[in-house]
Number of protein chains: 2
Amino acid sequence: MALRHAVLAALLDRDLSGYQLTKLFDLGVSSFWHAASQQLYVELAKLEADGLLTGHEVVQQGRPNKRVFALTDTGLQELTRFTLAPTKPTSIRDDLLVKAYAAHAADRVKLAEQLEQRATQSQAKAEYLEEQLAKLLGGKSEAEYLRTAENIGPYLAGTRGKMYEREQATWCMWAAEALRAR
Amino acid sequence: MALRHAVLAALLDRDLSGYQLTKLFDLGVSSFWHAASQQLYVELAKLEADGLLTGHEVVQQGRPNKRVFALTDTGLQELTRFTLAPTKPTSIRDDLLVKAYAAHAADRVKLAEQLEQRATQSQAKAEYLEEQLAKLLGGKSEAEYLRTAENIGPYLAGTRGKMYEREQATWCMWAAEALRAR
DNA sequence: CACATCATGTAACCAGTTACATGATTGG
DNA sequence: CCAATCATGTAACTGGTTACATGATGTG
């Protein structure tokens, strides 16, 4: 079970609805996990059935009502247990890397174009994450924030996401350049 | 279909047996894709049935015989087609990132230990990949190699893997330090 | 009233993981 | 003869993706 713990983690210091989680786990936004809305609603139902979450209908004016989910004690315990359990490293699994490996079978210019396009996307995502991180800091220096903030988890994970996207962009540009130069 | 193209790419400039592919796609080794042997043998059977590969028994002395697979023309075409097809970006999907996000629910020291352990693993993997890359260079400078080598694909993909592991190690140490300092 | 956004789901399918199995050959 | 490595598979299960569906509410 994988999404499971990502959902529990997301609900750690705020309650969220399925729709809000969808936005959090959306591609382009998520720094620490990705999931589509369909998967989330299924998972939320399971988590509620297992007693790890409780859902509460929230009546809204101006928009449809929503069900907001909160961690139960059991849910929090399960999350804590998960953080202690050993996990194996996972490697990158990205079609673009396979394409790069298969460069010899590809049209060099078209592959370079794809790499450049991805570089742009990754750059944009990195910038978005950087903004989010700046918001978390709220004016403080990073060192200060890491010492004093209540929950530094989102900052730690967000930083990894930012690094990943930046580096992806750097590599894409480098590889595209290498292909174009031939 | 995912592993499919990774296998075709791996067979692009040399023929390999299921066992050799297993080692290539093994965790700890793979820079561009991961797969377990069970999955590989199934995939190889499918690829052969689909006419993208052909297998040939190779009689060996001193060890069990093996079946070596080679790309067919159709297989090569399929790989080329794949390199041209658009693909979406994929984000990191790593339990360790979820654990970091859930830092507030975790034992800080134990989480730091896990991060440090992962840093060590990633460092080792990065060094292994660096050796592989040096072998590919074969004494040439990178610039020279990228200009003149027949197939730079493995070098491009391997470099991404190396970068990823190095950065993972850096982040793990940084995050562990942040957790320990509290 | 059409379109965007908010909001929540079901069902079929596909890819990957885990568990289980087997056998050859060499070296200590 | 036992352990390590080489070599190849099957089957059940889990997690994730894709396709399909529906309805509320506000804005132009």
Side-chain angles (χ1 to χ4, degrees), chain A residues 1-8 15-27 29-30 33-50 53 55-69 82 85-95 98, chain B residues 1-8 15-30 33-50 53 55-69 82 86-95 98:
Chain A
M1 274 157 214
L3 217 207
R4 205 135 243 249
H5 301 111
V7 169
L8 295 175
D15 300 347
L16 296 171
S17 68
Y19 190 74
Q20 290 173 304
L21 282 164
T22 294
K23 283 186 295 179
L24 183 65
F25 286 121
D26 193 30
L27 255 195
V29 179
S30 66
W33 203 265
H34 168 257
S37 62
Q38 299 97 314
Q39 206 189 340
L40 280 165
Y41 287 108
V42 170
E43 197 62 45
L44 286 168
K46 280 189 210 158
L47 283 163
E48 196 178 15
D50 293 350
L53 299 181
H56 307 281
E57 179 90 10
V58 171
V59 180
Q60 303 186 109
Q61 71 292 48
R63 18 169 111 175
N65 296 340
K66 61 181 176 182
R67 290 197 76 218
V68 167
F69 293 89
F82 166 72
T87 43
K88 318 177 196 159
T90 52
S91 40
I92 319 183
R93 190 165 278 195
D94 191 329
D95 280 340
V98 178
Chain B
M1 274 154 215
L3 218 206
R4 207 139 238 248
H5 300 109
V7 170
L8 295 174
D15 299 348
L16 296 171
S17 68
Y19 190 73
Q20 289 173 303
L21 281 164
T22 294
K23 281 185 297 178
L24 183 64
F25 287 121
D26 192 30
L27 255 193
V29 180
S30 66
W33 203 265
H34 169 256
S37 62
Q38 300 97 315
Q39 206 189 340
L40 279 166
Y41 287 107
V42 170
E43 197 63 44
L44 285 168
K46 278 189 211 160
L47 284 163
E48 196 178 14
D50 293 349
L53 298 181
H56 307 281
E57 180 89 10
V58 171
V59 179
Q60 302 186 110
Q61 74 286 54
R63 21 171 107 175
N65 296 340
K66 60 181 176 182
R67 288 197 77 219
V68 167
F69 293 90
F82 166 72
T87 43
K88 318 178 195 157
T90 51
S91 39
I92 320 182
R93 190 166 278 197
D94 192 329
D95 280 341
V98 177

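In the text below, chain A, chain B and the rest are named by the order of the sequence lines, each starting its count at 1. As the structure is a prediction and not an experimental result, all values here were calculated from the model. Computation of the quantities below employed the complete heavy-atom set of this structure, encompassing side-chain atoms and omitting hydrogens, waters and symmetry-equivalent molecules.
- Using a 4.0 Å cutoff to heavy atoms of chain A, the contacted part of DNA chain D runs 5' to 3' from D/dG15 to D/dG26.
- Between the OG atom in A/Ser37 and the CG atom in A/Leu21 there is a gap of 11.0 Å [rounded to 0.5 Å].
- The residue A/Lys88 sits close only to the backbone: its heavy atoms come under 4.0 Å of sugar-phosphate atoms, none of a base.
- Taking CZ of A/Arg93 as the reference point, atom CD1 of B/Ile92 lies at 14.5 Å (rounded to 0.5 Å).
- In the region residues 35-47 of chain B, proximity to DNA chain C at under 4.0 angstrom, judged on heavy atoms, holds for B/Gln38, B/Gln39.
- Residue A/Leu21 contributes atom CG, which lies 15 Å from atom P of C/dC6 at whole-angstrom precision.
- We find the CG-CZ distance between A/Leu44 and A/Arg67 to be 9.0 Å, quoted to the nearest 0.5 Å.
- With a 4.5 Å cut-off on side-chain heavy atoms, B/Leu3 and B/Leu40 count as touching.
- One interatomic measurement links the two molecules: CZ of A/Arg63 to P of C/dA4, which rounds to 18 Å at whole-angstrom precision.
- Nearest nucleotide to the side chain of B/Pro64, out of C/dG16, C/dC6, C/dA24: C/dA24.
- Using a 4.5 Å cut-off on side-chain heavy atoms (C-beta onward), A/Leu8 and A/Phe69 make no contact.
- In this structure, B/Gln61 places its CD atom 14 Å from C1' of C/dA24, rounding to the nearest Å.
- Residues that satisfy the ring-ring contact (aromatic ring centres under 6.0 Å, His included) test with B/Tyr19, not counting sequence neighbours, are absent from this structure.
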Q.
Assess the residue pair A/Arg4 and A/Asp50 against the criterion (side chain to side chain contact (heavy atoms under 4.5 Å, CB included)); give the C-alpha distance rounded to whole Å, side-chain angles, the decisive distance to 0.1 Å, and a yes or no.
A. CA-CA 11 Å; A/Arg4 205 135 243 249; A/Asp50 293 350; 2.6 Å; yes

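- In this structure, B/Gln60 atom CD and C/dT26 atom P are separated by 11 Å, rounded to whole Å.
- In terms of heavy atoms, B/Asn65 sits closest to B/Gln60 at OD1-N, 2.9 Å.
- Both B/Arg93 and B/Thr22 sit near DNA chain D, but only B/Thr22 has its closest nucleotide nearer the 5' end.
- Toward the 5' end of DNA chain D, the nearer of the two residues A/Arg4 and A/Asn65, judged by each one's closest nucleotide, is A/Arg4.
- The line from NE2 of B/His5 to OG1 of B/Thr87 is 10.5 Å long, rounded to the nearest 0.5 Å.
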